[in-house]
**Q** 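Quick one: the structure is below, and I'll ask about it shortly.
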There are 2 protein chains.
Amino acid sequence: MELEQAKQQFIQTWGNFGTQWGINRSMAQVHALLIVSDSPLCTEDIMERLSISRGNANMNIRELTNWNLIYKESIAGDRKEYFRAEKDMWEVAKRIVKERKRRELEPLQQHLAELKKVEQSYESISFVATIENIERLVSRLDSLSGTLMKADEHVFFGKILNLFK
Amino acid sequence: MELEQAKQQFIQTWGNFGTQWGINRSMAQVHALLIVSDSPLCTEDIMERLSISRGNANMNIRELTNWNLIYKESIAGDRKEYFRAEKDMWEVAKRIVKERKRRELEPLQQHLAELKKVEQSYESISFVATIENIERLVSRLDSLSGTLMKADEHVFFGKILNLFK
DNA sequence: ATGTATTTTCAATTATTATTGAAAATATTG
DNA sequence: CAATATTTTCAATAATAATTGAAAATACAT
């Protein structure tokens, strides 16, 4: 397979993978494109390479910036903004986890806490127990993600794997 | 808040949460309904409680069954099929992880392996390095999920948390 | 300040995904 | 084996989400 072909394929694969996780295809594809690009790209470049509109490119670039997955980079003598991706994939994973935690786990925890305020009764006992069960799970995922964030990659996995062998 | 109201709210919340993770709203809602239901429910019950069509109910019940998140249950003297949900949320988490691993991580690993077959050249070096970086990440997620699956809840989190304090 | 390049916004459109519901298939009963 | 209950399928429809593109806003240079 040729290099350009392989990159194209990767962009496709990453896009599909994204949609399965609630990330829209274009966003995942812009991300993939920047990951496999050796030099920073501007909006025009991205529009061309992915055949998407300016609006679409702009919106997803912004969103990826919010997720801390890509950075602005200026090129001397050019007034356009260029973008490059974080290429350390462990770092990428950590940032995605961090962001989803903030955007989803935390709000979910609040919702669950609200639900426990249901009026007490014989019938509500098992409901509250279930909610508490979920709270426990969520707070565990939460600590796990916190741990993940702080842990150095090598040390973390080394210890995990040793723990259970 | 009243119990029925709280259950309704939970179903809503679980549904929204699902959509953010690539699971369709109805499926998440059927799941939620069964989680908070004290007795097993049949298709009719589910249709009514969620105001969804027979086809929709049937399809999502089947899908939840494939994910091992709900079970068929028969009620003596009734010829309809009834369903109940696994209520141990740790178990639920493990099954979701197991299923997503099988459906997504494994195919992704195959794709990545393919991409490494790109023809060697000066330009392809960094591409292959990136792919290998991703492979490493994926195989780590893979072991982590494997570990998760076998680990007892308490032991697992106890050890994790001790590790990093 | 004026003109030009660049970025952003957002209503309209298109594409995708989910849902319906009636018909077909299957299972169960007497 | 009918008759009936139940489940499944799937083409049509509806709902949702993504995308476009041109206009507005902003940033920059002279």
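Reckoned from all heavy atoms, side chains included, excluding hydrogens, waters and symmetry mates.
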**Q** Should the ring pair B:Phe17 and B:Trp14 be called parallel, tilted or perpendicular, given that the plane angle runs from 0 to 90° and is split at 30 and 60?
**A** parallel
**Q** Cut-off 3.5 Å, side chains only: do B:Asp38 and A:Ser126 have a donor facing an acceptor?
**A** yes
**Q** Please enumerate all residues that pass side-chain contact (heavy atoms from CB on, under 4.5 Å) together with B:Glu123, with sequence neighbours excluded.
**A** A:Leu3, B:Ser121
**Q** Quick one: which residue pairs count as a salt bridge (Lys or Arg N to Asp or Glu O under 4.0 Å) with a foot in residues 18-35 of chain A, not counting sequence neighbours?
**A** none
**Q** Looking at residues at least two apart in the chain, or sitting in another chain, which of them share a salt bridge (Lys or Arg N to Asp or Glu O under 4.0 Å) with B:Arg62?
**A** none
**Q** For DNA chain D, which consecutive runs of 3 or more Watson-Crick or G-U pairs (each distance under 3.5 Å) count as stems?
**A** C:1-30 with D:1-30
**Q** Could I get the full list of salt bridge (Lys or Arg N to Asp or Glu O under 4.0 Å) partners for B:Lys87, not counting sequence neighbours?
**A** none
**Q** Quick one: which protein N/O atoms are closer than 3.5 Å to N/O atoms of nucleotides 1-4 of chain D? Pair and distance per line, please.
**A**
residue, atom, partner, partner atom, Å
D:dT4, O2, B:Arg79, NH2, 3.3

**Q** Under 4.0 Å from any atom of DNA chain C, heavy atoms only: list the residues of residues 30-47 of chain A that qualify, in numerical order.
**A** none
**Q** Identify whether the distance between the nearest side-chain nitrogen and carboxylate oxygen of B:Lys101 and B:Glu104 falls below 4.0 Å.
**A** no
**Q** Quick check with a 6.0 Å cut-off and a 45 degree axis cone: is B:Arg100 positioned over the face of B:Trp21's six-membered ring?
**A** no
**Q** Tell me what B:Arg62 touches on the nucleic acid: a base, only sugar-phosphate, or nothing, going by heavy atoms under 4.0 Å.
**A** sugar-phosphate
**Q** Only one of A:Leu69, A:Ile46, A:Ile11 clears side-chain contact (heavy atoms from CB on, under 4.5 Å) with A:Val30; which?
**A** A:Ile46
**Q** Does B:Arg103 pair with B:Glu99 as a salt bridge, N-O distance under 4.0 Å?
**A** yes
**Q** Apart from B:Tyr82 itself, what residues make up its hydrophobic cluster, given side-chain heavy atom links below 4.5 Å?
**A** B:Ile75
**Q** Along DNA chain C, 5' to 3', what are the outermost nucleotides having an atom less than 4.0 Å from a heavy atom of chain A?
**A** C:dT4 to C:dT9
**Q** So, B:Arg95 and B:Glu86, do they make that salt bridge, N to O below 4.0 Å?
**A** yes
**Q** Kindly write out the residues that satisfy salt bridge (Lys or Arg N to Asp or Glu O under 4.0 Å) with A:Glu2, not counting sequence neighbours, or none if the list is empty.
**A** none
**Q** Distances under 3.5 Å only, N/O to N/O: pair up the protein atoms with those of nucleotides 17-19 of chain D.
**A**
residue, atom, partner, partner atom, Å
D:dT19, OP1, A:Ser26, OG, 2.8
D:dT19, OP2, A:Asn24, ND2, 3.0
D:dT19, OP2, A:Ser26, OG, 2.7

**Q** Does the B:Lys72 side chain pair with the main chain of B:Phe83, one donor and one acceptor, at a distance under 3.5 Å?
**A** no
**Q** Would you please name every residue forming a salt bridge (Lys or Arg N to Asp or Glu O under 4.0 Å) with A:Glu4, sequence neighbours left out?
**A** A:Arg49
